[in-house]
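Structure first, then comments.
What you see is a predicted model, and the numbers here were worked out from it, not measured in a lab. Indexing begins at 1, ligand by ligand and atom by atom, following the structure's order.
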Amino acid sequence: GSKWSYIGPDGEKAWPKKYPFCGGVFQSPIDFHKDILQYDSNLLPLEFIGYNVPSTDQFTLTNNGHSVKMYLSPTMYIRNLPFEYTASQLHLHWGNRNKSEGSEHTVSGKHFAAELHIVHYNSEKYPDVTAAMDKADGLAVLAILLEIGPFNPSYEKIFRHFRNVKYKDQMVQVPGFNIRELLPDRLDEYYRYEGSLTTPPCYPSVLWTVFRHPVKISQEQLLALETAMYCTESDDPEPLEMVDNFRNVQEFHERLVFISFRE
Ligand SMILES: NS(=O)(=O)c1c(F)c(F)c(S(=O)(=O)CCO)c(N[C@H]2CCc3ccccc32)c1F
Ligand SMILES: [Zn+2]
């Protein structure tokens with residue numbers, strides 16, 4: 001299996017030894033700060049088709065030892081990107097109960113509490129995500145920054161299942177719901193740049209869209225995310241908590257991040 005981690009000898013500094021792209025170009029995540037941002041009036045609001053999945057359908061939620069990920073339905077896709085991109089899976093990145101600063105992208109050097117990623121692949125050019133994931137125009141990932149606020153009933157539709165995916169390789173079925181509810185209201189305001197997967201194999205194959213406005217979840221929901229899961233299997237004598245599963249921000253040389261809003 002994938003022998004990499006976020007801590008210890010297999011942590012991110014060691015990734016390039018087994019996964020050379022992790023030491024390469026166009027790496028993600030990055031910090032968004034004013035001298036690399038450029039307004040681009042051609043950046044249109046994204047259109048989400050088929051995101052309102054009926055509760056008669058089910059999503060598989062699983063713990064893969066690195067994150068908690070939910071497989072999405074192939075009837076979900078995005079328009080208004082250079083190509084049509086079909087949904088593959090969503091997953092999260094977070095910190096720990098003593099330091100709720102687990103987002104991957106940062107804004108002016110500031111971490112948010114956590115970050116949701118919705119991974120899509122270019123279904124116009126490639127048959128599936130595996131064929132797409134190492135191609136420069138292969139993937140499009142939407143990133144939603146999470147911060148503390150009121151209880152969020154939409155996120156709870158996923159979070160309430162965490163107790164059934166505590167350990168690596170456990171799975172549970174989640175009734176369908178409108179995935180659009182997980183996104184911020186303002187879909188027209190976002191950061192856009194070309195980057196990479198933030199985990200090994202770190203392919204520089206991702207068109208990133210990071211929404212400007214964070215979404216709020218409650219302190220209790222965040223604590224559940226930070227304390228519910230383990231990287232290890234249920235019978236492992238040395239359980240490892242799944243915490244701080246975010247990559248540090250990468251150098252961003254002579255490149256620009258395009259913004260759809262005037263700040
Ligand atoms: N932050 S991120 O969006 O770059 C990102 C992850 F952070 C992450 F954890 C995963 S994963 O599949 O859960 C585990 C590593 O493969 C993927 N999965 C990607 C990478 C490989 C692959 C293959 C099929 C479907 C999704 C993915 C991912 F794209
Ligand atoms: Zn991710």
Side-chain angles (χ1 to χ4, degrees), residues 1-7 10-12 15 18-22 24-30 59-74 76-78 81 85-95 102-106 111-123 126-146 158 162 165 167-171 179 182-183 191-211 215 225 229-232 242-250:
S2 47
K3 183 101 170 51
W4 58 273
S5 164
Y6 286 100
I7 189 168
D10 298 325
E12 59 186 275
W15 291 359
K18 288 199 185 87
Y19 305 96
F21 285 102
C22 297
V25 294
F26 296 171
Q27 290 298 287
S28 296
I30 59 172
F59 299 121
T60 300
L61 182 73
T62 182
N63 173 336
N64 67 2
H66 306 295
S67 180
V68 59
K69 73 178 176 182
M70 190 163 90
Y71 291 101
L72 298 170
S73 138
M76 295 170 57
Y77 62 95
I78 311 176
L81 285 176
Y85 284 84
T86 296
S88 172
Q89 50 111 299
L90 63 75
H91 60 269
L92 294 116
H93 302 268
W94 59 89
S103 69
E104 295 213 298
H105 291 90
T106 56
H111 275 273
F112 285 77
E115 191 166 329
L116 173 75
H117 289 159
I118 311 180
V119 183
H120 299 70
Y121 72 93
N122 181 339
S123 42
Y126 308 107
D128 55 42
V129 66
T130 309
M133 70 185 199
D134 63 345
K135 310 298 190 295
D137 56 3
L139 301 179
V141 181
L142 309 180
I144 295 94
L145 299 166
L146 302 181
I158 299 171
F162 285 162
V165 287
Y167 300 102
K168 185 173 185 291
D169 297 336
Q170 290 184 332
M171 304 190 152
I179 300 294
L182 300 177
L183 276 56
Y191 303 88
R192 165 67 49 74
Y193 77 100
E194 298 196 344
S196 75
L197 297 175
T198 67
T199 61
C202 305
Y203 295 131
S205 60
V206 180
L207 184 65
W208 281 96
T209 299
V210 181
F211 290 104
V215 166
L225 179 62
M229 280 148 305
Y230 289 85
C231 303
T232 42
M242 190 182 283
V243 291
D244 301 322
N245 60 346
F246 60 93
R247 189 187 195 184
N248 286 300
V249 291
Q250 305 295 303

### Query
Got His120 and Thr86 here, is their nearest side-chain heavy-atom distance under 4.5 Å?
no
### Query
For the residue pair His66 and Trp4, does the interplanar ring angle fall in the parallel (under 30°), tilted (30 to 60°) or perpendicular (over 60°) class?
parallel
### Query
How are the rings of Tyr167 and Tyr230 set relative to one another: parallel (under 30°), tilted (30 to 60°) or perpendicular (over 60°)?
parallel
### Task
Everything protein-side that's N, O or S and under 2.8 Å from the Zn ion (ligand 2): list it, residue and atom.
His91 NE2, His93 NE2, His117 ND1
## Note on the structure
Heavy-atom closest pair (Phe162 atom, Leu61 atom, distance to 0.1 Å) is CD2-CD2, 4.5 Å
### Task
Could you pull out all residues at least two apart from Ser28 that satisfy side-chain hydrogen bond (donor to acceptor under 3.5 Å, both in side chains)?
Tyr193, Trp208
### Task
Apply the test side chain to side chain donor-acceptor pair (under 3.5 Å) to residues Thr198 and Arg247: give CA-CA distance (whole Å), side-chain angles for both, the deciding distance (0.1 Å), then the verdict.
CA-CA 6 Å; Thr198 67; Arg247 189 187 195 184; over 6 Å; no
### Query
Do other residues, nucleotides or ligands put more than 12 heavy atoms under 6.0 Å from Gln170 CD?
yes
### Message
Let me confirm one number: the OG-CG distance from Ser103 to Leu116, rounded to the nearest 0.5 Å.
### Response
12.5 Å
Between ligand 1 and the protein, tabulate every N or O atom pair separated by less than 3.5 Å, reporting distance only.
from     : atom 1 : to     : atom 2 : distance (Å)
ligand 1 : 1 (N)  : His91  : NE2    : 3.4
ligand 1 : 1 (N)  : His93  : NE2    : 3.3
ligand 1 : 1 (N)  : His117 : ND1    : 3.2
ligand 1 : 1 (N)  : Thr198 : OG1    : 2.7
ligand 1 : 3 (O)  : His91  : NE2    : 3.4
ligand 1 : 4 (O)  : Thr198 : N      : 2.8
ligand 1 : 12 (O) : Lys69  : NZ     : 3.4
ligand 1 : 12 (O) : Gln89  : NE2    : 3.4
ligand 1 : 13 (O) : Asn64  : ND2    : 2.8
ligand 1 : 18 (N) : Gln89  : NE2    : 3.4

Show every donor-acceptor pair shorter than 3.5 Å between a side-chain atom in residues 129-137 and any protein atom, with sequence neighbours excluded, or say none if there are none.
from   : atom 1 : to     : atom 2 : distance (Å)
Lys135 : NZ     : Ala131 : O      : 2.6
Asp137 : OD1    : Tyr126 : OH     : 2.6
Asp137 : OD2    : Lys125 : NZ     : 2.5

